[in-house]
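Numbering of ligands and ligand atoms starts at 1, following listing order. Residue numbers run from 1 in the order of the sequence given.
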Amino acid sequence: MILNNYETTYVPLTYSEIKPYLNTNSIGRNYLYFETIGSTNVYCKALALEDKPHGTIVVSERQTAGQGTKGRSWISPMGKGIWFSLLLRPDMTATDLGKITQIASAALVSMFEDFDINARIKWPNDIIVDDKKICGILTEAKLKGNSIDHIVLGIGINVNLNNDDFGSELGCIATSMQKSRNATFNRGEVLSTFLNYFETYYEEFLSNSSNSYFQIYKDRSYILNKKVNLIKNNAPTLVIPIDILSDGALLVKKQDESIEKIYSGEVSLRLAD
Ligand code: BTN
């Protein structure tokens with residue numbers, strides 16, 4: 001246990017904390033641990049250029065400049081969550097990039113289920129529990145022509161954060177495993193459970209033996225067949241998402257019954273009342 005200036009007690013999330021639960025071959029085996037870092041994604045992107053192996057993981061107890069999607073920041077208090085980035089070197093084309101985020105999302109909901117937490121995926125990659133965000137994914141890639149040189153998969157899991165960690169504004173839209181279950185979780189077990197699922201779904205996909213991740217990704221959707229506001233350039237349109245395609249696109253039915261294919265990036269979704 002560490003009691004430090006942040007008045008937080010935690011068991012440091014070092015390799016020895018995850019090793020007893022880890023069943024993977026490569027994912028998470030080259031383990032780099034920090035107490036404080038700017039952003040694990042930024043650090044991992046630099047490591048990728050140094051030829052670090054596939055599966056390398058960067059974990060930090062705290063980030064001072066955690067990055068979210070769309071240029072947002074990601075709060076990453078000391079010892080409370082799991083803030084990490086995985087370096088992947090898959091042999092795949094750039095068009096398959098969205099599948100890595102789908103695989104990660106499926107592995108996350110499977111992991112939450114093992115801890116009796118019912119999580120849903122809000123397309124494209126927000127993980128939702130009790131109608132609030134519990135986890136975020138930031139996938140960044142370096143391309144080499146039409147193929148992928150490497151991917152940095154950054155994930156933040158709100159594990160033992162409480163109301164004080166979120167503050168009132170964030171508390172309305174974000175949650176944690178602790179808030180959802182009213183219990184404190186062993187972060188080593190949580191992280192290795194995710195890594196085990198991730199490697200299984202990832203290997204299955206790359207070896208073409210199964211796409212079980214995709215069924216989970218669709219089955220656990222938070223928005224399919226519900227009325228949502230699709231917001232593009234600040235303008236909302238009421239639509240019903242009816243399917244998700246394996247290339248990551250969302251099929252939505254508009255009010256005039258026409259069907260449109262939406263790609264993430266410029267749009268955001270809100271459940272309509
Ligand atoms: C989102 O906005 O939903 C994505 C959040 C991703 C946060 C994680 S925390 C670990 C990794 N390092 C970062 O700087 N960001 C990601």
Point to revise | Parallel, tilted or perpendicular: rings of Y15 and Y31 (30°, 60°) | key: tilted
Exercise for review: If you have a sec, work out which protein heavy atom is nearest atom 15 (N) of ligand 1 and how many Å separate them, to one decimal?
Suggested key: Q67 O, 2.7 Å
Check your understanding: Hey, are E199 and R29 close enough for a salt bridge, meaning a charged N less than 4.0 Å from a carboxylate O?
Key -> no
**Study point:** Taking atom 9 (S) of ligand 1 as the reference point, the nearest protein heavy atom with its distance
**Key:** Q63 NE2, 3.3 Å
Practice item. Taking atom types as modelled, find out whether S105 and N125 have a side-chain donor-acceptor pair closer than 3.5 angstrom. Key: no
Check your understanding: How does I155 reach ligand 1, if at all, at less than 4.0 Å between non-hydrogen atoms: by side chain, backbone, both, or neither?
Key -> backbone
Study note, to complete from the structure: F84 heavy atoms within 4.0 Å reach ligand 1 at atoms 10 (C), 11 (C)
Check your understanding: Could a heavy atom of R72 be found less than 4.0 Å from some atom of ligand 1?
Key -> no
Check your understanding: Is there a donor-acceptor contact under 3.5 Å linking the side chains of T93 and N146?
Key -> no
Exercise for review: Take I128 and I134 through the test side-chain contact (heavy atoms from CB on, under 4.5 Å) and record every step on the way to the result.
Suggested key: CA-CA 6 Å; I128 306 290; I134 195 163; over 6 Å; no
Review point. Strictly under 6.0 Å, is that where the ring centroids of F115 and F194 end up?
Key: no
Point to revise | Lys/Arg-Asp/Glu bridge criterion (N-O < 4.0 Å) met for R62, E35 | key: no
Check your understanding: Is the closest side-chain donor-acceptor distance between N211 and E204 under 3.5 Å?
Key -> no
Check your understanding: To which protein heavy atom is atom 5 (C) of ligand 1 closest, and what is the distance rounded to 0.1 Å?
Key -> W74 CE3, 3.4 Å
Exercise for review: Would you please determine whether G66 falls within less than 4.0 Å of ligand 1 on a heavy-atom basis?
Suggested key: yes
Check your understanding: How far is atom 11 (C) of ligand 1 from its nearest protein heavy atom, and which residue and atom name does that atom have?
Key -> T40 OG1, 3.2 Å
Exercise for review: Using a strict 4.0 Å cut-off to heavy atoms of I137, name the atoms of ligand 1 that fall inside it.
Suggested key: 3 (O), 4 (C)
**Study point:** Numbered atoms of ligand 1 (with element) below 4.0 Å of K133, judged on heavy atoms
**Key:** 1 (C), 2 (O), 3 (O)
Exercise for review: Run the ring-centre check on Y201 versus Y213 and record whether the distance is less than 6.0 Å.
Suggested key: no
Review point. Which heavy atom of the protein is the closest neighbour of atom 2 (O) of ligand 1, given with residue, atom name and distance?
Key: T69 N, 2.8 Å
Exercise for review: Report the part of V42 in contact with ligand 1, treating N, CA, C, O as backbone and CB onward as side chain, heavy atoms under 4.0 Å; options are side chain, backbone, both, neither.
Suggested key: neither
Check your understanding: Can you list the atoms of ligand 1 that are under 4.0 Å from a heavy atom of G68?
Key -> 1 (C), 2 (O), 4 (C), 5 (C)
